[in-house]
**Student:** 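If you scroll down you'll find the structure; I have some questions about it.
Since the structure is predicted, the reported quantities are computational estimates derived from the model, not experimental observations. Values below: every heavy atom of this structure, side chains too, minus hydrogens, waters and symmetry copies.
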Amino acid sequence: MKILQRYFAISISQAVAFVLMAFLALMAFMDLTGELPSVGKNGYGIENAFLYVLILLPGHVYEVMPLAALIGTIYTMAQFASSSEFTIMRASSMSTAMAAWMLFKIGVVFVIITFIFGELISPRTAPLADKLKLTARGTAVSQEFRSGLWTKDIVKSDGMSGNVIGSRFFNVREVRSDGQLMDVKFYEFDTALRLRSLIMAARATYQGNNTWRLFDVTETLFSNPALANARGQANLENHFAQESSVVSTQRRASLDLISEVTPKILSVSSSDPDRMSALELAVYTRHLAENRQETERFKIAFWKKLIDPLGIFVLMALALPFAYLHSRSGGVSLKIFIGIMIGVSFILTNTLFSHLGLLSTWPAFLTAIAPSALFLLLALGALWWVERH
């Protein structure tokens with residue numbers, strides 16, 4: 001069995017590596033084609049485009065590894081069937097369960113590689129690629145949005161602890177490549193959503209420990225002395241107390257502001273959830289939940305990050321029945337074409353369930369695992385059929 005395991009592993013790994021390289025070359029070509037219209041504008045040269053495409057490749061490894069594992073395994077199984085090797089293996093007392101177990105052990109390696117690229121490499125290279133592109137073109141992250149970058153946090157009585165006394169909306173016009181924020185505004189509201197202060201700063205830098213240092217600050221306070229006397233009275237009187245606010249403005253050279261928003265949260269708030277790691281998604285989802293913002297999209301993305309790599313096991317199980325099909329059932333090329341169709345169907349079904357789950361407010365875990373469960377049933381049904389025939 002050790003010899004067969006090694007033979008399976010070498011044959012499948014070589015086929016998967018070849019298919020993976022082909023997919024990466026195709027996706028790199030497509031990315032480069034998309035970058036060509038920007039070449040020559042604002043100092044963005046062809047060398048920048050090539051480097052940008054190269055840095056994006058680890059993210060594509062995570063995306064296409066399940067499909068490469070499927071096609072590579074189908075190719076190997078079809079080769080075994082066409083040369084009658086698999087028939088000889090079965091005659092030598094190798095059962096379907098033993099073959100599935102060998103594929104499972106090979107799949108573990110592919111799953112680990114996928115997790116490494118998805119959780120450790122891609123979340124670091126994707127922001128690096130965006131930073132490289134923006135620096136070369138002389139633009140900033142938030143300049144991609146008409147009104148700048150927006151996020152929200154809560155205000156507590158003792159900075160990062162104590163009772164919640166309000167909320168704060170955070171607007172940044174420009175995020176520079178060195179992490180410095182330009183043209184920053186903070187809108188602070190109390191628990192009744194009454195505006196209490198407006199802080200505007202020319203720039204801001206992060207000092208660590210949830211502290212932002214603001215420079216060239218203009219702070220406008222909306223104090224409400226009449227509101228204290230209006231407590232317990234009618235809502236109409238509260239309304240007049242709100243309207244009778246006293247406005248005062250003061251200027252400062254610098255001001256330290258404590259906020260739950262960190263550079264990490266600020267960066268992921270403008271990122272595509274599919275390009276974020278599971279850890280980043282978990283942190284940002286918790287931040288959104290604490291601020292009573294919509295989290296369903298990020299919950300689905302979080303569970304997909306954990307479950308999608310495990311879909312490699314399902315797709316490799318779907319490839320095993322091809323070893324039972326003789327050459328009269330179709331050549332290797334036909335089986336590879338069928339494998340490509342299965343892979344495309346898996347990707348489309350995965351995407352469809354993501355959108356349906358978001359629209360129908362299905363549980364995020366069930367939304368993420370449903371496509372893999374469906375195709376696992378298909379794999380088990382196919383194995384049952386080939387065993388009986």
Side-chain angles (χ1 to χ4, degrees), residues 14-72 74-75 110 113-114 116-146 149 175-177 267-268 270-277 280 297 301 304-305 308-309 311-312 315 333 336-352 354-355 371:
Q14 289 176 345
V16 171
F18 177 80
V19 175
L20 182 63
M21 291 299 104
F23 274 121
L24 290 180
L26 177 61
M27 299 191 78
F29 175 77
M30 295 172 63
D31 287 340
L32 183 61
T33 302
E35 291 300 309
L36 288 179
S38 301
V39 173
K41 299 178 181 179
N42 301 323
Y44 188 65
I46 187 66
E47 68 280 1
N48 301 118
F50 272 109
L51 186 57
Y52 174 76
V53 170
L54 181 63
I55 298 177
L56 284 181
L57 284 181
H60 293 321
V61 172
Y62 173 81
E63 294 170 3
V64 304
M65 179 61 86
L67 188 57
L70 170 66
I71 297 174
I74 287 179
Y75 173 79
F110 294 146
I113 293 173
T114 305
I116 290 174
F117 275 93
E119 294 299 310
L120 300 179
I121 302 177
S122 178
R124 289 165 174 77
T125 57
L128 180 62
D130 292 336
K131 180 179 178 180
L132 170 71
K133 184 176 181 179
L134 293 172
T135 302
R137 296 172 61 179
T139 58
V141 173
S142 57
Q143 288 179 346
E144 302 292 323
F145 304 94
R146 182 176 300 178
L149 193 62
V175 182
R176 293 190 171 176
S177 56
S267 64
V268 300
S270 60
S271 301
D272 183 357
D274 294 333
R275 298 172 66 179
M276 296 162 60
S277 67
E280 290 173 337
R297 180 189 177 198
K304 281 173 61 65
K305 276 288 181 179
D308 281 358
I312 290 176
L315 295 177
S333 58
I336 292 176
F337 175 77
I338 295 174
I340 293 174
M341 293 298 101
I342 294 174
V344 171
S345 300
F346 180 78
I347 294 173
L348 293 178
T349 304
N350 214 347
T351 304
L352 177 63
S354 296
H355 291 297

**Student:** Can you find a heavy atom in the side chain of Thr33 that is under 4.5 Å from one in the side chain of Met30?
**Tutor:**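 No, their side chains stay 4.5 Å or more apart.
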**Student:** Would you compute the distance between atom CZ of Phe29 and atom CG of Asp31 and round it to the nearest 0.5 angstrom?
**Tutor:**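 Interatomic distance, Phe29 CZ to Asp31 CG, rounded to 0.5 Å: 11.0 Å.
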**Student:** Looking at CG of Leu54 and CG of Leu24, how far apart are the two atoms once the value is rounded to the nearest 0.5 Å?
**Tutor:**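 Between atom CG of Leu54 and atom CG of Leu24 there are 11.0 Å.
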**Student:** To the nearest 0.5 angstrom, please state how far the OG atom of Ser122 sits from the CG atom of Leu57.
**Tutor:**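 Rounded to the nearest 0.5 Å, the OG-CG separation comes out at 10.5 Å.
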**Student:** Could you check Lys304 against Asn350 for side chain to side chain contact (heavy atoms under 4.5 Å, CB included), going step by step and ending with a plain yes or no?
**Tutor:** CA-CA 9 Å; Lys304 281 173 61 65; Asn350 214 347; 3.1 Å; yes
**Student:** When rounded to the nearest 0.5 angstrom, what distance separates NE2 in His60 from CE in Met65?
**Tutor:**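 The NE2 atom of His60 sits 14.0 Å away from the CE atom of Met65.
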**Student:** Using the rule given for side chain to side chain contact (heavy atoms under 4.5 Å, CB included), can you reason through Asp308 versus Tyr62, listing the C-alpha separation, both sets of side-chain angles and the distance that settles it, and then say yes or no?
**Tutor:** CA-CA 10 Å; Asp308 281 358; Tyr62 173 81; 4.3 Å; yes
**Student:** Would you indicate whether the side-chain heavy atoms of Ile71 and Phe23 approach each other to under 4.5 Å?
**Tutor:**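 The answer is yes, as the side chains (C-beta and beyond) meet within the 4.5 Å cut-off.
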**Student:** Of all the heavy-atom pairs spanning Gly72 and Ala15, show the shortest one and how long it is.
**Tutor:**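 So the minimum-distance heavy-atom pair works out to O-CB, 3.4 Å.
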**Student:** Considering non-hydrogen atoms only, spot the tightest contact between Leu67 and Val344 and give its length.
**Tutor:**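 Looks like CD1-N, 4.3 Å.
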**Student:** Of Leu20, Val16, Leu315, which is the lone residue that meets side chain to side chain contact (heavy atoms under 4.5 Å, CB included) with Phe110?
**Tutor:**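 Exactly one pass, corresponding to Val16.
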**Student:** Walk me through it: do Ile113 and Phe117 pass the test side chain to side chain contact (heavy atoms under 4.5 Å, CB included)?
**Tutor:** CA-CA 6 Å; Ile113 293 173; Phe117 275 93; 3.8 Å; yes
**Student:** Working to the nearest 0.5 angstrom, can you tell me the gap between Leu51 CG and Ile46 CD1?
**Tutor:**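 These two atoms lie 11.5 Å from each other.
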**Student:** I need the minimum non-hydrogen distance between Ile312 and Ala69, along with the two atoms involved.
**Tutor:**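 Shortest heavy-atom separation between Ile312 and Ala69 comes out as CG2-CB, 4.0 Å.
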**Student:** Considering non-hydrogen atoms only, spot the tightest contact between Ala129 and Ile55 and give its length.
**Tutor:**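 The pair with the smallest heavy-atom distance is CB-CG2, 3.8 Å.
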**Student:** Between Thr114 and Pro309, which heavy-atom pair has the shortest distance, and what is it?
**Tutor:**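 Taking Thr114 first and Pro309 second, the nearest heavy atoms are CG2-CB, 3.9 Å.
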**Student:** Roughly how far, to the nearest 0.5 Å, is CD1 of Ile347 from CG of Leu352?
**Tutor:**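 With rounding to 0.5 Å, CG (Leu352) is 13.5 Å from CD1 (Ile347).
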**Student:** What are the two closest non-hydrogen atoms of Arg124 and Glu119, and how far apart are they?
**Tutor:**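 Minimum heavy-atom contact is NH1-O, 3.9 Å.
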